[in-house]
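Along the sequence shown, residues are numbered consecutively beginning with 1. Since we're looking at a predicted model, the values are computed, not measured.
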Amino acid sequence: MENKTVYPEWVQNYRTKGTTVKKIGNSYYLYKRTSRRVPGKKYPQPVDTYIGVITPEGVVKSTRKKIDLTGIEVKEYGFSRALQALCPKSWKELLGELWEEVFLLVIKAWSPESYLLKDRELKSEKELRCQTAAQAGMLKQKLSREHGVKLEELESLKKIYILYMKKGQAVSRISDEQEELLKKIGVDMSMC
């Protein structure tokens with residue numbers, strides 16, 4: 001004995017060939033029904049694509065667009081961007097030409113998922129003849145002295161991410177508190 005769901009007539013009118021209806025709670029939803037072969041399965045497997053909600057007045061189609069999330073890469077952006085913008089000139093001058101390489105080692109220690117490290121080969125401490133911990137400590141002191149900002153204050157910016165997608169990149173939402181901090185320290189989160 002087959003168990004078939006009986007829908008009201010106003011719902012049945014929208015059940016055409018190639019579609020299916022699903023009832024969730026007291027609402028009826030219309031889907032386009034197709035199938036595809038799946039290795040290891042004896043029969044094709046159904047694939048449903050959402051069309052909209054069925055009401056007595058008609059189908060209210062979905063206006064949302066699906067975004068392909070495969071291939072998206074997410075990296076920390078806010079904290080690293082702020083440190084990059086605030087990096088004290090006096091600290092850079094002490095390190096000379098190597099300041100950027102040393103800066104990246106410090107970033108790696110403080111924020112290993114930083115966008116600044118994406119697709120980069122870093123030199124080692126030995127190659128640069130420096131100690132990352134000592135340079136990080138000096139950078140922290142100079143940030144406080146020259147910009148009046150403590151490293152701990154910038155920690156909340158680690159929750160600002162950059163998303164790398166097939167069709168470009170985007171920065172995640174910035175909270176009101178983060179926005180206030182960025183204004184205070186004078187850092188712009190525009191992608192560089």
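Placement of L30 and V53 in two distinct hydrophobic clusters is found when ILVMFWY residues are connected by side-chain heavy-atom separations under 4.5 Å, directly or transitively. Note: the hydrophobic cluster containing Y164 also contains I174 (ILVMFWY, side chain heavy atoms under 4.5 Å, direct or indirect links). If you chain together hydrophobic residues whose side chains sit under 4.5 Å apart, L94 and L98 fall into the same group. Residues V59 and Y31 fall into different hydrophobic clusters, defined by Ile, Leu, Val, Met, Phe, Trp and Tyr side chains chained together at heavy-atom separations under 4.5 Å. Taken together through direct or relayed side-chain contacts under 4.5 Å among Ile, Leu, Val, Met, Phe, Trp and Tyr, I51 and V60 form parts of separate hydrophobic clusters.
Under a cut-off of 6.0 angstrom, the local environment of NZ in K108 is sparse, with at most 12 non-hydrogen atoms contributed by other residues, nucleotides or ligands. A 6.0 Å sphere centred on CD of E97 holds no more than 12 heavy atoms belonging to other residues, nucleotides or ligands. Residue Q45 places its CD atom among more than 12 non-hydrogen atoms of other residues, nucleotides or ligands, all under 6.0 Å distant. Residue-environment remark: CD (E73) exceeds the threshold of 12 foreign heavy atoms within 6.0 Å. Residue-environment remark: NZ (K61) stays at or below the threshold of 12 foreign heavy atoms within 6.0 Å.
Rounding to the nearest 0.5 Å gives a distance of 5.5 Å between SG of C130 and CD of Q135. For the atom pair K123 NZ and E101 CD, the distance stands at 5.0 Å (nearest 0.5 Å). Between E121 atom CD and L104 atom CG the span is 12.0 Å, to the nearest 0.5 Å. To the nearest 0.5 Å, atom CD of residue E76 and atom OG of residue S172 are 10.0 Å apart. To the nearest 0.5 Å, atoms CH2 (W91) and CE (M138) are separated by 8.5 Å.
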For a quick test of your reading: what N or O donor-acceptor pairs under 3.5 Å do the side chains of residues 151-162 make, sequence neighbours left out?
from : atom 1 : to   : atom 2 : distance (Å)
E152 : OE2    : K140 : NZ     : 3.1
E153 : OE1    : K184 : NZ     : 2.8
E153 : OE2    : K150 : N      : 2.9
E155 : OE1    : K158 : NZ     : 3.4
K158 : NZ     : W110 : O      : 2.7

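Contact record, G58 with Y14: CA-OH, 3.1 Å, taken as the closest heavy-atom pair. Of all non-hydrogen atoms in L86 and I185, the two that sit nearest each other are CD2-O, 3.7 Å. Residue T132 comes nearest to A109 through the heavy atom pair CG2-CB, 4.2 Å, listed as atom of the first residue, atom of the second, then distance. Counting all heavy atoms, side chain and backbone alike, K92 lies closest to C87 at CE-O, 3.7 Å. Nearest heavy-atom pair across S80 and I107 is OG-CG2, 4.0 Å. Here the closest non-hydrogen pair linking T19 and T16 is OG1-O, 2.6 Å.
We find that E100 and R120 are joined by a salt bridge, their nearest charged nitrogen and carboxylate oxygen being less than 4.0 Å apart.
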TODO: Apply side-chain contact (heavy atoms from CB on, under 4.5 Å) to the pair F103 and L139, showing each step before the final yes or no.
DONE: CA-CA 9 Å; F103 179 73; L139 178 57; 4.2 Å; yes
- [ ] Just do the side-chain contact (heavy atoms from CB on, under 4.5 Å) check on R15 and Q12 with the steps written out, would you?
- [x] CA-CA 5 Å; R15 283 188 71 206; Q12 285 289 96; 3.2 Å; yes
Task: Candidate pair D48 and K22, rule side-chain contact (heavy atoms from CB on, under 4.5 Å), full reasoning - done: CA-CA 10 Å; D48 294 339; K22 295 181 184 179; 3.0 Å; yes
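A donor and an acceptor atom, one from each side chain of Q84 and Y115, are located under 3.5 Å apart.
By the ring-ring contact (aromatic ring centres under 6.0 Å, His included) test, Y28 pairs with Y7, W10, sequence neighbours left out. Listed by chain and number, the residues in a salt bridge (Lys or Arg N to Asp or Glu O under 4.0 Å) with R145 amount to none (sequence neighbours excluded).
None of V106, L143, V187 except one satisfies the side-chain contact (heavy atoms from CB on, under 4.5 Å) rule with L83; the exception is L143.
Using the six-membered ring where Trp is involved, Y50 and Y29 have ring planes that are tilted, between 30° and 60° apart.
Within the 4.5 Å cutoff, the side chain of E125 has heavy atoms near those of the L105 side chain.
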